[in-house]
Amino acid sequence: LTLGLLWRPSAGGNRVWLLPPLFALWANCDAWFILGPLTAGLYWLGDAVQARWTAHHKGRSKLLYAVLAGTAACLLNPFHVRVFALPPELSPGVLGSGLETDVRFQGYFASPWGAESLIRAPYWLVPAGAAYYLLVAAGVGSFIMNGRNLNAGRLLVWIVFALLGAFELRLIPFFAVVAAPVAAWNLQDFAADYRARSAELLPRWDRLLGIGRWLSVLAGAVLIVAAW
């Protein structure tokens, strides 16, 4: 929902005001609610930087106010300010407990880019691992293909979640939820730009692009399920 509200805004941009109630509900349901304000804040930051350096790109100041209101809305829970705590997977108490050296728990702290996952126990040989590396490659490739219409906010969000997924195997689902839609939207933007620059080929490509769009949605759904 957060990604959809950010990347498919309404005509007047008022849809972003659905973020505060969404974040308030999230804060009362899950320790990882902080990803909501973080995602929205990163998108606004990238959008603001792009607006500053690109003449034809307009920033979305309304989004900043929605992010601030959404962060404040997270206080509407029984823990109030104490709700802003690191999730267990990132808590210093867990990371510094020595469990990562215990053979019984090493798998919980392994990185998909570490020697354990790449060589000794190849993570890329299992379906979930293969889906993860494919998602990384698809994301990088989609940004390269869509370089003419690069969305800085989208790129910044992707980078942060890619780093999160690279930190520990058990955090990959968060990256998967972001990476698949990003790749799909980038490819859609690339296709739309290609069509605009190749108007004479439209009759021939219309059907193929439609098929490709549905295949992208299907592939993204399969990759998310496999990576999860």
Side-chain angles (χ1 to χ4, degrees), residues 1-7 16 18-46 63-64 66-114 116-117 121 123 126-129 131-133 135-136 139 153-183 220 223-228:
L1 288 176
T2 300
L3 299 179
L5 293 174
L6 289 174
W7 297 339
V16 295
L18 293 175
L19 292 174
L22 175 62
F23 293 165
L25 176 62
W26 198 346
N28 283 273
C29 298
D30 183 45
W32 280 94
F33 75 93
I34 195 63
L35 292 180
L38 176 65
T39 301
L42 288 171
Y43 187 85
W44 171 82
L45 178 60
L63 176 58
L64 174 60
V67 171
L68 295 176
T71 304
C74 295
L75 299 174
L76 300 177
N77 70 85
F79 298 99
H80 197 51
V81 296
R82 294 184 179 180
V83 73
F84 291 106
L86 288 173
E89 292 85 350
L90 299 179
S91 172
V94 175
L95 296 177
S97 63
L99 289 175
E100 67 276 8
T101 61
D102 190 321
V103 294
R104 296 171 296 177
F105 300 100
Q106 284 179 344
Y108 291 100
F109 299 91
S111 166
W113 300 101
E116 182 70 26
S117 300
Y123 183 57
V126 300
Y132 165 71
Y133 295 114
L135 274 177
V136 173
R154 199 180 294 172
L155 175 62
L156 187 57
V157 170
W158 187 91
I159 289 174
V160 171
F161 276 82
L163 292 174
L164 187 66
F167 182 62
E168 287 182 358
L169 290 173
R170 53 181 174 167
L171 301 182
I172 288 178
F174 297 118
F175 169 68
V177 169
V178 170
V182 165
L223 288 173
I224 289 177
V225 172
W228 198 283

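With values rounded to the nearest 0.5 angstrom, Leu171 atom CG is found 4.5 Å from Leu164 atom CG. Here CG of Leu169 is found 5.0 Å from CD1 of Ile172. Values are rounded to the nearest 0.5 Å. Put simply, CZ on Arg154 and CG on Leu3 are 10.0 Å apart, with the number rounded to the nearest 0.5 Å.
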Name every donor-acceptor pair, under 3.5 Å, that has one atom in a side chain of residues 19-29 and the other anywhere in the protein, sequence neighbours excluded.
unit_1	atom_1	unit_2	atom_2	d
Asn28	ND2	Ala24	O	2.8
Asn28	ND2	Leu76	O	2.9

Which donor-acceptor pairs under 3.5 Å do the side chains of residues 30-42 make with protein atoms, sequence neighbours left out?
unit_1	atom_1	unit_2	atom_2	d
Asp30	OD2	Trp32	N	3.2
Trp32	NE1	Glu89	OE1	3.1
Thr39	OG1	Leu35	O	2.6

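Counting heavy atoms of neighbouring residues, nucleotides and ligands inside a 6.0 Å radius, atom CG of Leu1 does not exceed 12 of them.
No donor-acceptor distance shorter than 3.5 angstrom exists from the side chain of Tyr43 to the backbone of Leu155, with no hydrogens or angles considered.
Within the 4.5 Å cutoff, the side chain of Val157 has heavy atoms near those of the Phe161 side chain.
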- Show the numbers, then the answer: is there a side-chain contact (heavy atoms from CB on, under 4.5 Å) between Leu75 and Val81? CA-CA 6 Å; Leu75 299 174; Val81 296; 4.0 Å; yes

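Across Phe175 and Tyr132, no two heavy atoms sit closer than the pair CD2-CE1, 3.7 Å.
Between Phe84 and Phe79, the ring center distance fails the sub-6.0 Å criterion.
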